[in-house]
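Heads up: the structure comes next, in structure tokens.
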Amino acid sequence: MLRLIRQYSTKHDLVVIGAGPGGYVAAIKAAQLGLKTACIDKRGPPGGTCLNVGCIPSKALLNNSHIYHTIKEDTKRRGIDVKGAEINFPQFMKAKEDAVKGLTDGVRMLLKKNKIDYFEGTGSFVTENKIKVVKNDNSEVELEADNIIIATGSEVTPFPGIEIDEERIVSSTGALELKEIPKNLVIIGAGIIGLEMGSVWSRLGSKVTVLEYGSAIGGQTMDSELSKTAAKLLKKQGIDIIFDAKVETASRNGDVVTTTYEYKGEKKTLESDILLVAVGRRPYTKGLDLEKVGVELDNRGRVIMDSEYRTNKKHIRVIGDATFGPMLAHKAEDEGIAVAEFIKSGHGHVNYNVIPSVMYTHPEFSWVGQTEQQLKEQKIAYKVGKFSFAANSRAKTNLDTDGFVKVLVDKETDRILGVHIAGANAGEMIGEACLALEYGAAAEDIARTCHAHPTLSEALKEAAMAAFEKPINS
């Protein structure tokens, strides 16, 4: 029996394909600017990878595992005796799911509040101005738009020869959905995703081993001193990081995964109950039928764009992980706002020199601007101001003194070039540094700005003082 699918056309000023941080923000901003807007996402719940299987669930697990670890390992020295603390694993995972649902429901409400037509389904190009949506109930809608934004995000980069089954050999998605705490967890890749997930399961009792092809955490994106500190502190917590390890194969036999790698010319193997493949992400444009309308990609699968986010088809634009730049939710959000403004008024802006990064381990690691190695490569004369949390009053009262704040400034002008933080709440502290860089502040500007006492943020002030003149408390 033939099933007749009703099709119809709806005209919009803008259609956004993808409801992740870039897509839903672009849609909301466009609607606020008066554009009739539609947004499409095949996942169903909006929020993209970040809200559903990325930033948000991982932070829920990180926070709650840290609380558990603190109770088990750290309360005694604080004068708090706790007995019988145990993990209720189903409730532990449910708390993560509740956080995700609360936020995705919130985004859905915002889309409705801004009168955005939201379609749960897969969008693909029919022509340069028409998008077919195969909805998740298998019905079809055809949308016509003057402007289209590709905001389809990214997917896990596969590892050649290793098949991810999301049960024993998992991606970051599977690592958020484990059915039990693994006894042994092997992770391929010492990037942010791998180390954050390693921290979660290590705190819950897993023996975690990280195999990293490179010789440092973070490669060239992370200041080398910050990277060395991260490796030292994470190893101190019991996470075994093996650098210069070339993974060759991995195979599953029942509940055991065997990983083979080369280290210093020797073949080695590791057995684990879970293998996490965390070697990065790549742009996702599958199913868009970009070739049908001639939208161009580069050799890495990124949609090519100009300075106003236009593809080679000027009314089709692209933002977020699907194109160039760091794969970060906040970068995509800023691009979403900028591209909506470009469409409406012809003006928009994102300062790519002020895109912060954060690794939410404990302590946290955050950075913005240039690293020391970048300044050396560019032969820029600079000064370093550094202040340890061991000398910070709030850190000492919190009994949490690992880490430091490091400020890099131009030697001649005192202008801040980069800020790098290792320490508790580093992800919150980096916001002040971003504001300083955005306004072209000098170290003296931060040094002469009154900071509340006692706070961790005073460490940034002291580091700025160290760069400008001399710190007071060290």
Side-chain angles (χ1 to χ4, degrees), residues 2-20 22-44 46 48 108 111-112 114-155 283-298 301-306 308-323 332 335-336 338-346 348:
L2 280 174
R3 181 184 177 191
L4 296 176
I5 298 176
R6 179 172 163 270
Q7 300 189 42
Y8 58 91
S9 178
T10 305
K11 183 74 168 64
H12 291 81
D13 298 316
L14 171 65
V15 169
V16 182
I17 307 175
Y24 85 75
V25 168
I28 290 172
K29 185 63 178 179
Q32 290 173 345
L33 292 172
L35 301 178
K36 180 173 173 55
T37 304
C39 188
I40 307 161
D41 197 286
K42 71 177 185 179
R43 192 185 302 274
R108 194 186 293 274
L111 294 170
K112 184 177 180 180
N114 287 279
K115 297 181 173 55
I116 295 162
D117 295 327
Y118 182 57
F119 297 90
E120 297 184 2
T122 301
S124 61
F125 282 89
V126 177
T127 68
E128 290 183 14
N129 290 93
K130 289 185 179 180
I131 299 294
K132 180 177 74 174
V133 182
V134 179
K135 297 203 288 187
N136 292 346
D137 63 4
N138 291 323
S139 62
E140 291 186 8
V141 180
E142 189 171 274
L143 307 178
E144 185 177 356
D146 295 328
N147 298 278
I148 298 167
I149 298 175
I150 299 167
T152 46
S154 60
E155 64 179 351
Y284 182 82
T285 56
K286 183 180 178 182
L288 286 177
D289 289 339
L290 296 180
E291 66 281 356
K292 186 181 291 186
V293 293
V295 171
E296 295 177 350
L297 307 179
D298 73 358
R302 298 175 296 191
V303 180
I304 298 172
M305 67 172 192
D306 66 12
E308 296 183 11
Y309 308 100
R310 296 175 298 197
T311 68
N312 56 307
K313 305 295 180 179
K314 299 305 181 185
H315 68 288
I316 301 174
R317 308 199 191 212
V318 61
I319 60 173
D321 290 5
T323 189
E335 289 179 336
V339 76
E341 292 173 336
F342 271 122
I343 291 169
K344 179 65 177 181
S345 67

Is the side chain of Asp321 donor-acceptor paired with the backbone N or O of Pro283 at a distance under 3.5 Å, no angle test? no
Treating Asn147 as the side-chain partner and Asp13 as the backbone partner, does any N or O pair qualify as donor plus acceptor under 3.5 Å? yes
Starting at CD1 of Ile316, measure out to CD1 of Ile148 and round the result to the nearest 0.5 Å. 5.0 Å
Applying side chain to side chain contact (heavy atoms under 4.5 Å, CB included) to Arg302 and Val318, what does each step give before you reach the verdict? CA-CA 10 Å; Arg302 298 175 296 191; Val318 61; over 6 Å; no
Donor-acceptor pair, distance only, cut-off 3.5 Å: does the side chain of Asn312 make one with the backbone of Ile304? no
Atom pair CG (Leu143) and CG (Asn129), whose distance is rounded to the nearest 0.5 Å: 12.0 Å
If you take all heavy atoms of Ala322 and Ile150, which pair is closest and at what distance? CB-CG2, 4.5 Å
For Tyr284, is there any backbone N or O sitting under 3.5 Å from a side-chain donor or acceptor partner on Thr152? yes
Can you confirm whether Lys135 sits close enough to Phe119 that some side-chain heavy atom of one is under 4.5 Å from a side-chain heavy atom of the other? yes
Salt-bridge test for Arg317 and Glu335: reply yes if a basic N is under 4.0 Å from a carboxylate O, no otherwise. no
Steps toward side chain to side chain contact (heavy atoms under 4.5 Å, CB included) verdict (Lys36, Asp117): CA-CA 9 Å; Lys36 180 173 173 55; Asp117 295 327; 3.6 Å; yes
Measure across Tyr309 and Ala338 and return the closest heavy-atom pair with its distance rounded to 0.1 Å. CE1-CB, 4.0 Å
Tell me if a side-chain donor or acceptor on Asn114 pairs with a main-chain N or O of Ile116 at a distance below 3.5 Å. no
Which atom names give the shortest non-hydrogen contact between Lys292 and Phe125, and what distance separates them? CD-O, 3.5 Å
Close side-chain approach of Lys11 to Asp146, heavy-atom, < 4.5 Å: yes
Could you give the distance from CD (Gln32) to OG1 (Thr37), rounded to the nearest 0.5 Å? 10.0 Å
Just wondering, do Ile40 and Val141 contact through their side chains at under 4.5 Å, heavy atoms? no
Could you go through Ile149 and Ile343, starting from their C-alpha distance and side-chain angles, then the distance that decides it, and tell me whether this counts as side chain to side chain contact (heavy atoms under 4.5 Å, CB included)? CA-CA 10 Å; Ile149 298 175; Ile343 291 169; 4.1 Å; yes
Just by modelled atom types, is the Asp289 backbone N or O under 3.5 Å from a matching donor or acceptor in the Ser124 side chain? no
Is a donor on one side and an acceptor on the other found under 3.5 Å between the side chain of Ser139 and the backbone of Asp137? no
Look at the side chain of Lys344 and the backbone N and O of Leu33, then say whether any donor-acceptor pair between them is shorter than 3.5 Å. yes
Are there over 12 heavy-atom neighbours, none belonging to Lys286, within less than 6.0 Å of that residue's NZ? no
Heavy-atom pair of closest approach, residues Arg108 and Gly44: NH2-O, 3.8 Å
Side-chain contact test, heavy atoms from C-beta onward, threshold under 4.5 Å: evaluate it for Val16 versus Tyr24 and give yes or no. no
Heavy-atom closest contact (Ala145 atom, Leu14 atom, distance): CB-C, 4.3 Å
Looking only at non-hydrogen atoms, find the nearest pair between Ala26 and Val339 and report the distance. CB-CG1, 4.3 Å
Separation of Lys132 NZ from Lys130 NZ (nearest 0.5 Å): 13.0 Å
